[in-house]
Amino acid sequence: MTRCSRRPLQPIPCRRGAVRRRIGRDDDTAHDWDISYQFTSPDCVRKLAVTINSHTPGPTIHAVQGDTIIINLKNSLLMENVTIHWHSIRQTGTPWADGTEGITQCPILPDDTFTYTFVVDRPGTYMYAHYGMQRSAGLNGMIVVEVAPGGGGDGRRAGAVQVRRGAHRAAKRLVAPEHAAGLASMPMVWVGEPQSLLINWRSWFVNYSSSPATAAALCNVTHPDCVPAVFAVVPG
């Protein structure tokens, strides 16, 4: 049974848009994260999102097998609790860092802080997310763990590609509480089809049923948030 302590946690000085080194072998293994609402345009349509340091998706964490990851997190959401679950990270000896709310961790309340500390003991590409439907609202990202030196890797840093649906409704509790209520209903109430397909949270939404003028007014293709993702490819 999880015991929830309400002792005041040590405040973490967070500045939106900043990732600063705390401790660890390099800047990739120790981060300060500020979770907040921000307006973004991932498919050129402006919506409210749940962001990490004012960005969505969150930063890709690059590490080497055996590294200790340290995330100093502050919840700056006005109306929502937060936890981060690290998918497929085994959390050997650190079950309290798994981020499964109500099972191994109490939720991080608005304006509260929490420090996640855990070891990545297996190479691979993993995803982190989300409390409730916050993943769909933008709170997610990737962890890329390279093979430890001498473990057979080729020395090159792997990239990460995330493909997911894009919906124009905003964050769960702030704008679209019916999404969570519908999915939790018996029988389930479908919340509707997505409006776009996002590659690394970028795409262009085109409504072919609208007039060209209406489509142009809805989708601002010049916005930097929806510039198509570009990938560097090594020949051979």
Side-chain angles (χ1 to χ4, degrees), residues 2-42 47-63 67-87 89 91 94-120 126-144 160 162 170-177 180 201 225:
T2 302
R3 296 182 60 189
C4 297
S5 172
R6 294 305 178 201
R7 290 186 301 107
L9 298 178
Q10 182 65 32
I12 298 172
C14 292
R15 183 180 60 193
R16 291 179 180 175
V19 176
R20 301 193 301 279
R21 181 173 181 175
R22 280 297 187 85
I23 56 178
R25 278 186 276 176
D26 54 48
D27 288 335
D28 288 334
T29 57
H31 303 275
D32 287 348
W33 285 4
D34 186 15
I35 311 299
S36 65
Y37 298 118
Q38 301 290 335
F39 281 100
T40 64
S41 302
K47 61 171 283 186
L48 192 64
V50 179
T51 67
I52 299 175
N53 294 340
S54 301
H55 296 286
T56 180
T60 297
I61 299 173
H62 288 276
D67 276 352
T68 297
I69 306 298
I70 301 156
I71 306 294
N72 303 296
L73 185 147
K74 178 180 179 181
N75 179 9
S76 293
L77 302 180
L78 301 176
M79 322 172 46
E80 300 188 51
N81 300 331
V82 166
T83 62
I84 304 290
H85 175 56
W86 318 91
H87 291 262
I89 302 297
Q91 301 293 353
T94 54
W96 48 83
D98 189 54
T100 46
E101 181 270 332
I103 300 176
T104 61
Q105 180 188 350
C106 299
I108 306 166
L109 304 180
D111 203 37
D112 210 345
T113 61
F114 186 82
T115 296
Y116 289 98
T117 304
F118 56 89
V119 174
V120 285
Y126 308 96
M127 182 183 75
Y128 63 80
H130 66 88
Y131 175 91
M133 292 185 65
Q134 290 172 351
R135 177 175 62 180
S136 298
L139 184 58
N140 63 85
M142 307 292 287
I143 306 175
V144 179
Q162 188 183 75
K172 175 184 66 174
R173 295 186 185 177
L174 203 60
V175 175
W201 272 83
D225 282 357

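All figures in this text were calculated on a predicted structure; none of them were measured in a lab. FYI, side chains are in, hydrogens and waters are out, and symmetry mates aren't considered; it's all heavy atoms of this structure. Numbers here are sequence positions counted from 1.
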Between [atom1] on residue [X] and [atom2] on residue [Y], distance to nearest 0.5 Å:
X	Y	atom1	atom2	answer
Ile61	Tyr126	CD1	OH	13.0 Å
Ile35	Thr113	CD1	OG1	12.5 Å
Tyr37	Leu78	OH	CG	6.0 Å
Asp98	Gln91	CG	CD	5.0 Å

Under 4.5 Å between any side-chain heavy atoms of Val119 and Ile89, yes or no?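 Not touching, per the 4.5 Å side-chain cut-off.
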
Trp33/Tyr116 aromatic ring centres below 6.0 Å: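 Aromatic pair excluded; centres sit 6.0 Å or further apart.
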
Checking the side chain of [X] only, and the main-chain atoms of [Y] only, is there a donor and an acceptor separated by less than 3.5 Å?
X	Y	value
Asn53	Asp34	yes
Asn75	Ile108	yes
Ser76	Ser36	no
Gln38	Thr56	no

Hey, mind stepping through Thr51 and Leu139 against side chain to side chain contact (heavy atoms under 4.5 Å, CB included) and telling me if it holds? CA-CA 6 Å; Thr51 67; Leu139 184 58; over 6 Å; no

Please give me the minimum heavy-atom distance between [X] and [Y], naming the atom from each residue.
X	Y	result
Pro110	Leu77	CB-O, 3.2 Å
Ile52	Gly58	CD1-CA, 3.9 Å
Thr83	Gly99	OG1-O, 3.0 Å

With Phe118 via ring-ring contact (aromatic ring centres under 6.0 Å, His included) - residues at least two apart: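 So Phe118 forms a ring-ring contact (aromatic ring centres under 6.0 Å, His included) with Trp86.
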
Ionic contact status for Lys74 with Asp32, cut-off 4.0 Å: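 Salt bridge: no.
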
